[in-house]
**Student:** 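My questions will all concern the structure given below.
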Amino acid sequence: MTPATAAAGDGPVATHCPYCALQCGMDLTPGRPGVVDTDAGGRPRLPVTVTPRQFPTNGGGLCQKGWTSASVLRAGDRLTTPLVRGADGELAPATWDDALDLVAGRLAALAAEHGLEAVAVFGGGGLTNEKAYTLGKFARTVLRTPHIDYNGRFCMSSAAAAGNRAFGVDRGLPFPVTDLAGADVILLLGSNVAETMPPFVAHLAGARAAGGLVVLDPRRSATARLAGAAEGVHLQPVPGTDLVVLLALLHVLLAEGLADRAYLAARTSGSGDVARSVAAWWPERAETVCGVPAEDLRRVARLLAAASPARGGRGAYVLTGRGVEQSTQGTATVTAAINLALALGLPGRPGSGFGCLTGQGNGQGGREHGQKCDQLPGYRRIDDPAAREHVAGVWGVDPGSLPGPGRPAVAMLASLGTAGGPRALLVHGSNLVVSAPDADRVRERLAALDLLVVCDVVPSETARLADVVLPTTQWAEEEGTMTNLEGRLLRRRRAVEAPGEARSELWILAELARRLGAGHVPGDAFPTDPAAVFDELARASAGGPADYSGLSHARLDAHEAAGGPGLYWPCPAGPPGEHPGTPRMFLDGFATADGRARMVVVDHAGPADDVRPGAPTYLVTGRVLQHYQSGAQTHRVPELERLVPEPYVELHPLLGTRLGVPDGGRARLASARGVVEATARWTDAVRPDTVFMPFHWGGEGSVNRVTSDAVDPVSGMPEFKVCAVSVTPVPA
């Protein structure tokens, strides 16, 4: 049975999980059309049945979120009709015509009064490639505003900046994830994959069996526990000092003659300057800053060297995640990880490499086609005249009409409602008042707007603040494509109809464009057929770093029908025939002018908000297995909500005893920005100088009320992962 036949309703529909960037394969079996089945208890059955599918990323497995994903399709408070805030201050149902007329009228009036920059757009890493592309095109051709960014700025921006600088291109994993299985050593920096993407753990089995799984995390997470005495090493640094660990590892490689000198000479530039800079970070000095014993640093460096191809090993990988990237020195930390991998001779060699683990479902594709403030489709720079001319030609507009770069997310949010800042904001697929740092200030900025429009599937905390809420389709109700953490293009397929009057963002943006009557944009510029949108996206990306021009929905469907697992970009069009895609990048050279990888000198500066009198404890944040992002989806799944119903704060028993915060009691965390309260859980999994909170909740348990909005100067990434707090008991 072909995927197209399945999508027509004759059997299971082959698609992918709606959550993380692993994009596990699954089949959806729809219920009987027009029939509401019930279970043994008389409760309505879900509209589709989820079955795991054999796929390279998940090997036929799913996590709890994937198994229960169908529940969100029929959440009790699913948005099914447009809502408009009335004179009484309440959101009330409206027709699509009334809601869209109101939005278009207000946007046009604000632009006429305050200029085109009075309107801003905020996107999401869960949107399909087609939606992300259309959103960027709408912002730049209809609204003609530079103010567009997306929540991927909070996810992959430091990794992207470092990758672009070193390799000339940013693809999270420039190799198939299945390649990891053959490695002797995997260094995993700041990623708790056992909880964020559990099926990924199977790809670590080879390194664990060889005693070579090395996990860097200030907390003994579920992933760190996989690196037991026989399986590997857990390095537990002082929060905010990951960069010091990497500088010390590279120091050991160079000092002990373990680097791949031939590779450095043939395939890199800048190695001499980097070698001189890390001379200052001998292990004993590094230990005084990061707290990791010098002998552990030497042991890990030697493990990596022994596994490297230059020394006859089966291979090694260096992988980074948000724990080391969401920092004011996130780009520097990823750069240090790249320098380490290059010194070992790993990138561009089969069986070894460097990569970053993308988090959101389409975090990779979402940043390639125009949601970031400085980019055009195909991962082109918006300030590149040639890129502007090419994309404007595809769009049928004058290149001079395209705006220049806008502000990254944190700066854009801070400017909302200020003098000269945007007066209106359109939000697509993001829950800002939970997911953004210094969340109380973000709420204040949203309240200062003249118009807030939110497109979503459920009434998230941000949607509840909106002037207009527009109900949208979600994963199993729409067609499109996603790009997973490996740069693999995947087809998302419709299995069921959307409830009520929910509509695709493609339709919503086309209707707004028609109402706004942008005379400089062709009348048929906004198709609503996802396959047609993808064909245009492919043309716009042609020749760019992320070249999709050799792909289409039809080709992806035919590839999968023939048993293929998806095609990787870059995949250019044209002679001599169909390009096979690029599963493994850099085998023949890097995407730089001279084909060499750039090694860049970096050094440690520490967190922007470091511990001090009055705020003597480190706060680190992260995820739990059962919830995803701001929890807008997973809090609506009863099975998941029962398992973890409320936020909590983990603290070491020594710290709890000293501060008078009992296990099971309430703790108050205060930073320079705000206060959050949660139930205390004693555990020796955290350092005695550190507390941990997951970030999936709003309200008084929203940890982003206290996190720092200080940003990395290169990437604009905020420093979610470490800040200074005081911890006190909450009276009973």
**Student:** Under the rule for side-chain contact (heavy atoms from CB on, under 4.5 Å), what residues qualify as partners of P56, not counting sequence neighbours?
**Tutor:**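 Partners of P56 under the side-chain contact (heavy atoms from CB on, under 4.5 Å) test: T178, R488, P565.
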
**Student:** What pairs with T335 under side-chain contact (heavy atoms from CB on, under 4.5 Å), at least two apart in sequence or on another chain?
**Tutor:**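 With neighbours one apart ignored, the set is A162, R165, T331, N339, V600, V602.
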
**Student:** Nearest 0.5 Å, what's the CZ-OG distance between R153 and S158?
**Tutor:** 9.5 Å

**Student:** For residues 266-273, tabulate all N or O donor-acceptor pairs below 3.5 Å that involve a side-chain atom, not counting sequence neighbours.
**Tutor:**
residue, atom, partner, partner atom, Å
R267, NH2, F586, O, 2.6
T268, OG1, L264, O, 2.7
D273, OD1, R276, NH2, 2.5

**Student:** For a quick test of reading the model, state the closest non-hydrogen atom pair linking A513 to V142 and the distance between them.
**Tutor:** CB-CG2, 3.9 Å

**Student:** Just checking D588: does its CG atom have more than 12 heavy atoms from other residues, nucleotides or ligands closer to it than 6.0 angstrom?
**Tutor:** no

**Student:** Is any side-chain heavy atom of L376 closer than 4.5 Å to a side-chain heavy atom of R140?
**Tutor:**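 In contact.
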
**Student:** Checking Y150 now: which residues fulfil side-chain contact (heavy atoms from CB on, under 4.5 Å) with it, not counting sequence neighbours?
**Tutor:** R367, Q371, K372

**Student:** Once rounded to the nearest 0.5 Å, what's the spacing between atom CG of D547 and atom CH2 of W569?
**Tutor:** 9.5 Å

**Student:** Salt bridge check, R491 against E479: does any charged N sit closer than 4.0 Å to a carboxylate O?
**Tutor:** yes

**Student:** Within the distance-only criterion (no hydrogens, no angle test), does the side chain of D149 pair as donor or acceptor with the backbone N or O of C373 below 3.5 angstrom?
**Tutor:** yes

**Student:** Regarding E486 and R171, does a basic nitrogen lie under 4.0 Å from an acidic carboxylate oxygen?
**Tutor:**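 A salt bridge is absent here (no side-chain N lies under 4.0 Å from a carboxylate O).
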
**Student:** Under 3.5 Å, side-chain donor or acceptor atoms of residues 105-122 against the rest of the protein: list the pairs with distances, not counting sequence neighbours.
**Tutor:**
residue, atom, partner, partner atom, Å
R106, NH2, D450, O, 2.5
E117, OE1, H147, NE2, 3.4

**Student:** Give a yes or no on whether a salt bridge exists between D242 and K721, defined as a side-chain N under 4.0 angstrom from a carboxylate O.
**Tutor:**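 So D242 does not pair with K721 through a salt bridge.
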
**Student:** According to the salt bridge (Lys or Arg N to Asp or Glu O under 4.0 Å) rule, which pairs have a member within residues 374-383, sequence neighbours left out?
**Tutor:**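 Applying salt bridge (Lys or Arg N to Asp or Glu O under 4.0 Å) to every pair that reaches into residues 374-383, excluding sequence neighbours, yields R381-D383.
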
**Student:** Main chain of D170, side chain of Q364: is a donor-acceptor contact present, judged purely on distance under 3.5 Å?
**Tutor:**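 Checking the backbone N and O of D170 against the side chain of Q364, a donor-acceptor pair under 3.5 Å is found.
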
**Student:** If you compare all heavy atoms of F138 against all heavy atoms of L426, which two are closest, and at what distance to 0.1 Å?
**Tutor:** CE2-CD1, 4.0 Å

**Student:** Kindly indicate, with the supporting measurements, whether the criterion side chain to side chain donor-acceptor pair (under 3.5 Å) is fulfilled by E368 and Y133.
**Tutor:** CA-CA 9 Å; E368 294 168 359; Y133 168 82; over 6 Å; no

**Student:** Determine whether a donor-acceptor pair (N or O, by modelled atom type, separation under 3.5 Å) exists between the side chain of S541 and the backbone of Y548.
**Tutor:**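 At least one qualifying donor-acceptor pair exists.
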
**Student:** Report yes or no: does E505 contribute a side-chain atom to a donor-acceptor pair with the main-chain N or O of L135 at less than 3.5 Å?
**Tutor:** no

**Student:** Under 4.0 Å between a side-chain nitrogen and a carboxylate oxygen: does that hold for E478 and R493?
**Tutor:**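 No, E478 and R493 are not salt-bridged.
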
**Student:** Quick one: pull up OG1 in T481 and NE2 in H16 and give me the separation to the nearest 0.5 Å.
**Tutor:**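 That separation rounds to 10.5 Å.
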
**Student:** In Å and rounded to the nearest 0.5 Å, what is the NE2 to CH2 distance from H390 to W395?
**Tutor:**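 So the gap between those two atoms works out to 10.0 Å.
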
